[in-house]
Amino acid sequence: MKRETASQTAGPYVHIGLAPEAAGFHIFENNFGAVLVSPETKGERVRIEGRVFDGIGTVLKDVLIEIWQANAEGKYAHPADRQPGKHIDPHFRGWGRACTDFESGVYAFETVKPGPVEGRNGRVMAPHINAWIVARGINIGLNTRIYFSDEAEANAKDPVINLIEWEARRKTLIAERLDAEARNGAAVYRFDIRLQGENETVFFDV
Amino acid sequence: MELHREPRPDAEFLMRDTTSHPLACTPAYKTSVLRSPKLALISLQQSLSEVTAPVFDASELGPNDNDLILNYAKDGLPIGERIVVHGYVHDQLGRPLRNALVEVWQCNASGRYRHKKDQYIGALDPHFGGCGRMLTDTNGYYAFRTIKPGPYPWRNRVNDWRPAHIHYAISGDGWVQRLVTQMYFEGDPLIRSCPILCVVPSEEQIRGLIALQDTGAFVPLDSRAYRFDIVLRGHRATLFENSVQQTPVDDDGPLPGRPEAGRTLSEGGSAATAASVEAP
């Protein structure tokens, strides 16, 4: 069996390839970005925002994050998703990418809150967004999940959260709903990512 | 072994062999020291969240997106060695990855990136952007045309130079196949001392990142060619029961291929095509 091609860092100039507008130039007519919704998309609008910190608490400003999620019904826009009774939303792919801002370090996605998805052995997974993080100094992309603070009951039963033996670490996967900061009809959730050190985010070997 | 049977689309992917990749913390590459998790990754059996991934369609890309010689050229051509880079994307079991999104980026012939944070003294080329993207065909084949990138110095140790390289990001059939890597050029004397490449844990894996000059694919009196093949995580066939959901999949019924599903999404999707995705 062949080996997977070795991973290499995305480097400091990842924007050129994946988000050229952020690098400072216009080249592609159609750019992949951080807004996953159009006016026709079904579901509750949410804004996920946060910052990424290194092992001594420095805010990183050269990070690229991609997210992949189910739609408001909890269905992925992919042929492998055969969950009965759920429908693809033709106006929602469920994938986006965002860069941390070069000044503030803040990243943000405009999306919808996903519905719950069938997990292994029929156990339901709480609404969540899959995130993948690359940057200079990251030799292999980091996978994590974003859950929602206002889904405490579903989170408590989630099979993946419950896999994490250290209960204190589970909170690193919960995006905090900030009702006071809701804007343009979208609830704002803060999800900070700590690559290392105190409250290190849980990363998954998937 | 029946590993080469077509996998169910919701079949799991092979566990990642971490010995194929650099560790997270590789002190020779200094920036990794504070950006590497210290705690063990939590191992996760795959679910729909891991075996699905975004589906792309050719209509989302422009006609020159894979031609870095032309896609930023204004009233002239970029300076440097004209090359074609091509190869196949397969999974670990040898199956071609169809419709995989391949995104590439690089500096220009003088080692300068078109990026607002790159301060290197090497000159920008007004006709060179430095990025491209394409989808693999039904055989997993991809190709693009570009200018050979130059080496450049970087802040690690004072005389560290990156060998000439092209960055790749590849998106396959499942979220767990997502891969970012870099391609190097055969014969570059900087390869053996590169702190980013040398942390790849085996000679075999390092060689896998070095493209070979491919004389058979030269374009006469125009361009040289390099061959670079990519291997992504393997999609397991239904050798054992390994699907991630309980809903049965009819093995005889054709599932929508990726391009069809992509069209459904990008064209707004009719009820008929959406229903076909749902059909048992």
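As a basis for the values below, the full set of heavy atoms in this structure was taken, side chains included, without hydrogen atoms, waters or symmetry mates. Below, chain A is the first sequence line, B the second, and so on; all start at residue 1.
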Legend entry - Close side-chain approach of B:V180 to A:W132, heavy-atom, < 4.5 Å: yes
Legend entry - chain A contact via B:V200 - side chain, backbone, both or neither, heavy atoms under 4.5 Å: side chain
Inset, instruction - Please look at A:V14 and chain B and tell me whether the side chain, the backbone, both or neither of the residue comes under 4.5 angstrom of a heavy atom of that chain. - result: both
Inset, instruction - Answer with side chain, backbone, both or neither: which region of B:L23 has an atom nearer than 4.5 Å to a non-hydrogen atom of chain A? - result: backbone
Legend entry - 4.5 Å side-chain heavy-atom contact, B:W154 and A:R136: no
Legend entry - Heavy-atom proximity to chain B below 4.5 Å, by part of A:I133: neither
Inset, instruction - Test A:E4 against every option in B:T18, B:D91, B:I230, B:L179 by the side-chain contact (heavy atoms from CB on, under 4.5 Å) rule and name the one that passes. - result: B:L179
Inset, instruction - With rounding to the nearest 0.5 Å, note down the distance linking CG in B:L39 to CZ in A:R169. - result: 4.5 Å
Legend entry - Proximity breakdown for A:N143 and chain B, heavy-atom pairs closer than 4.5 Å: side chain
Legend entry - Side chain / backbone / both / neither for A:I56 at chain B, heavy atoms under 4.5 Å: both
Legend entry - B:A24 portion near chain A, given a 4.5 angstrom heavy-atom threshold: backbone
Inset, instruction - Measure A:I129 against the heavy atoms of chain B and call it side chain, backbone, both or neither at under 4.5 Å. - result: neither
Inset, instruction - Might you work through the side-chain contact (heavy atoms from CB on, under 4.5 Å) test for B:H167 and A:I16, ending with a clear yes or no? - result: CA-CA 10 Å; B:H167 294 265; A:I16 296 172; over 6 Å; no
Inset, instruction - Against chain B, work out which of A:G24, A:A10, A:G94 has the most heavy-atom pairs shorter than 4.5 Å and name it. - result: A:A10
Legend entry - Contact listing (chain B partner; residues 190-206 of chain A; heavy atom under 4.5 Å): A:L195, A:Q196, A:E200, A:V202, A:F203, A:F204, A:D205, A:V206
Inset, instruction - Determine, using ring centers only, whether A:F102 and B:H115 are less than 6.0 Å apart. - result: yes
Inset, instruction - Using non-hydrogen atoms and a 4.5 Å limit, figure out which bit of A:P159 sits close to chain B: side chain, backbone, both or neither. - result: neither
Inset, instruction - Identify which part of B:Q46 has an atom lying under 4.5 Å from any heavy atom of chain A, answering side chain, backbone, both or neither. - result: both
Inset, instruction - Pick one of side chain, backbone, both or neither for B:H90, based on which atoms fall under 4.5 Å of a heavy atom in chain A. - result: side chain
Inset, instruction - Sort A:H26 into side chain, backbone, both or neither according to what part of it lies under 4.5 angstrom from a heavy atom of chain B. - result: backbone
Legend entry - Matching residue for A:T9 among B:V199, B:T26, B:I196 - test: side-chain contact (heavy atoms from CB on, under 4.5 Å): B:I196
Inset, instruction - Please state whether the rings of A:W68 and B:W175 are parallel, tilted or perpendicular, taking 30° and 60° as the class boundaries. - result: parallel
Legend entry - A:F28 side chain reached by B:C131 side chain, heavy atoms, under 4.5 Å: yes
Inset, instruction - Let me know if A:E66 has heavy atoms under 4.5 Å from chain B in its side chain, its backbone, both or neither. - result: both
Inset, instruction - Check whether any side-chain heavy atom of A:R145 sits under 4.5 Å from a side-chain heavy atom of B:L44, and report yes or no. - result: yes
Inset, instruction - Check the pair A:V117 / B:S47 against side-chain contact (heavy atoms from CB on, under 4.5 Å), numbers first and verdict last. - result: CA-CA 9 Å; A:V117 173; B:S47 70; over 6 Å; no
Legend entry - Engaged part of B:L48 at the chain A interface, taking heavy atoms whose separation is under 4.5 Å: both
